[in-house]
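Structure first, then comments.
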Amino acid sequence: MDNDQSETVTLSRKELYEKIWQTPTTKLGESFGLSDVALGKICKKHLIPKPPLGYWAKLAHGKLVTQTPLSTIDNPGLEVIKIGKKTPHSTIERVKSSTSMNEVQLVVPERLTSPHPLVRWTMDALKSEVADQTGILRAGIDGCLNVSVGRQSVGRAMRIMNALIKALESQGSTVTVVKKDRMRQTCVNILDETLEIELKEILTRKEKQFTAAQLRDREKSYWLRDRKEYEFFPSQNFALNIVTYCGEGVRRVWSDGKRQRLENCLGSVIVGLRAAAEGVRAVRLERECWERDRQENERRRLEEQERRRKEEEKIKHLEQVVANWNQSQKIREFVANVERAIAEAKERNNKVPDLSEWLAWAYRYADSIDPIHLTLLSDGALDNDTES
């Protein structure tokens, strides 16, 4: 049974153009019950330009962007757009499922028991690591989770990751560690998309205190005298980040706050990971659509370039044919004048050399470069179609 709820939305070309440049296609498509790919096909059919890849990211960071103007068209049938707006039953169920997941409270135990293999491996590696100048530990061997925390926070970090990984795997997702650009990334495969996540301890800072000797040395340097320096320390506050770009408006950070700890929002994290996976899919599909358009434009460009090349070749061939014809006419005219001169000389009983062989050769040469004469002997002398 079809449970889709549908209605028809009618827009003018200009209205959809304005919406396309005001809202990312992933979000705008959802408002119509369409995928961004389907919305992109509508834009392509009605000759509506879309923002290029990276447009919204540049706009969000205050960079200069250019909006492609809407062109005029001669086909009035393309000026009105009718969209069958649908809210599929599967989408409704997914929203309900996501809402219920927000209410799920994952319990992070006070003690780590039966740790996941990735957690056990990472915990053992962190215990043997030396902290950097800020007091943060990072596992330096392959196969470890992307976790960076202070030594006193290792236990808490491992309990959080253990609870999160087991909850994800219980829902059919997988968690792996992949080495990428000489860095180890914690990868979550969810909804057939891969997200990179990291757990890190937020640093706090305080102004550095100098000894009396250090202060005297700093007084000797005008650029150090009034310069403040800071020392950084682990704050015991965590942040879990989605490293992967998921599109605009997708939550990517969960952290400890004044009223809430990260342990108490892991259910929200899992819901957020699902939303981020859908965002990654939307970004990927938009990129694939952009790439298909780019390839299609490139194909058309190459076809037009090849068409122009063939046209130029035909023009050059025609010009050469005309030049050969002119040359053959000049040769025949010249040879005819030579024959008349010989005849006139003979009438005056003047002695003239025997030029019959040369005259015959000259006529043959004129025929050999005459394209019209060659056409009568063999087809195609005037045609330079490279495809024939």
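Since this is a predicted model, take the numbers as computed values, not measurements. Sequential numbering from 1 along the given sequence is applied to the chain's residues.
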In terms of heavy-atom contacts, Leu195 and Ala277 come closest through CD1-N, 4.0 Å
Do you know the tightest heavy-atom contact between Thr194 and Cys187? CG2-CB, 3.8 Å
Are side-chain N/O atoms of Tyr245 and Glu196 paired as donor and acceptor at under 3.5 Å? no
Under 3.5 Å: donor-acceptor pair, side chain of Arg151, backbone of Val130: no
Check whether Arg205 reaches the backbone of Phe233 with its side chain - one donor and one acceptor, N or O, closer than 3.5 Å. no
Looking only at side-chain N and O atoms, does Glu291 offer a donor or acceptor that is under 3.5 Å from a partner on Gln295? yes
Using modelled atom types and a 3.5 Å cut-off, is there a donor and acceptor pairing between side-chain atoms of Arg13 and backbone atoms of Leu47? yes
In terms of side-chain heavy atoms, does Gln236 have a donor or acceptor partner in Gln152 at a distance below 3.5 Å? yes
Is the Trp361 ring parallel, tilted or perpendicular to the Tyr365 ring (thresholds 30°, 60°)? parallel
Under 3.5 Å: donor-acceptor pair, side chain of Asn241, backbone of Val243: no
Could you tell me if Asn324 and Gln320 have a donor-acceptor pair between their side chains, going purely by distance under 3.5 Å? yes
Answer with yes or no whether the hydrophobic clustering places Leu70 together with Leu11; edges join I, L, V, M, F, W, Y residues whose side-chain heavy atoms lie under 4.5 Å apart. yes
Any donor-acceptor pair under 3.5 Å linking the side chain of His46 with the backbone of Leu78? yes
With salt bridge (Lys or Arg N to Asp or Glu O under 4.0 Å) as the test, would you mind laying out the steps for Glu193 and Arg284 before giving the verdict? CA-CA 10 Å; Glu193 300 293 341; Arg284 175 174 56 80; 2.5 Å; yes
Heavy atoms of Leu374 and Ser368 approach each other most closely as CD1-O, 3.4 Å
Output yes when a side-chain donor or acceptor of Arg308 lies under 3.5 Å from a complementary backbone atom of Lys310, and no otherwise. no
Please answer: with hydrophobic residues joined when any side-chain heavy atoms are less than 4.5 Å apart, are Phe238 and Ile136 in the same cluster? no
Check whether Trp121 reaches the backbone of Leu145 with its side chain - one donor and one acceptor, N or O, closer than 3.5 Å. no
Between Gly140 and Arg184 the two heavy atoms that sit nearest each other are CA-NH2, 3.3 Å
Side-chain (Asn350) to main-chain (Lys346) donor-acceptor, under 3.5 angstrom: no
Could you go through the salt bridge (Lys or Arg N to Asp or Glu O under 4.0 Å) check for Glu298 and Arg294 one step at a time? CA-CA 6 Å; Glu298 179 67 8; Arg294 187 196 66 79; 5.2 Å; no
Counting only heavy atoms not in Glu303 (residues, nucleotides, ligands), do more than 12 fall under 6.0 Å from its CD? yes
Any chance you could measure Leu203, atom CG, to Lys200, atom NZ, to the nearest 0.5 Å? 8.5 Å
Intermediate values then yes/no, salt bridge (Lys or Arg N to Asp or Glu O under 4.0 Å), Arg307 and Glu304: CA-CA 5 Å; Arg307 187 195 66 77; Glu304 177 62 18; 2.6 Å; yes
Return the minimal non-hydrogen interatomic distance between Val149 and Ala157, and the atom names on each side. CG1-CB, 4.0 Å
Dump the intermediate steps for side-chain contact (heavy atoms from CB on, under 4.5 Å) on Ile20 and Cys43, then the final yes or no. CA-CA 9 Å; Ile20 283 289; Cys43 291; 3.6 Å; yes
Give a yes or no on whether the backbone of Asn146 and the side-chain of Thr186 come within a donor-acceptor separation of less than 3.5 Å. yes
For the aromatic rings, using the six-membered ring if either is Trp, is the centroid distance between Trp21 and Tyr55 under 6.0 Å? yes
Assess, by modelled atom type and distance only, whether the side chains of Arg301 and Gln305 contain a donor and an acceptor separated by less than 3.5 Å. yes
Is the backbone of Val178 close enough, under 3.5 Å, to the side chain of Gln185 for a donor and an acceptor to pair up by distance? no
Please report the closest heavy-atom contact between Leu118 and Gly143, naming both atoms and the distance. CD2-O, 3.7 Å
Are a donor atom and an acceptor atom from the side chains of Tyr363 and Glu339 found within less than 3.5 Å of each other? yes
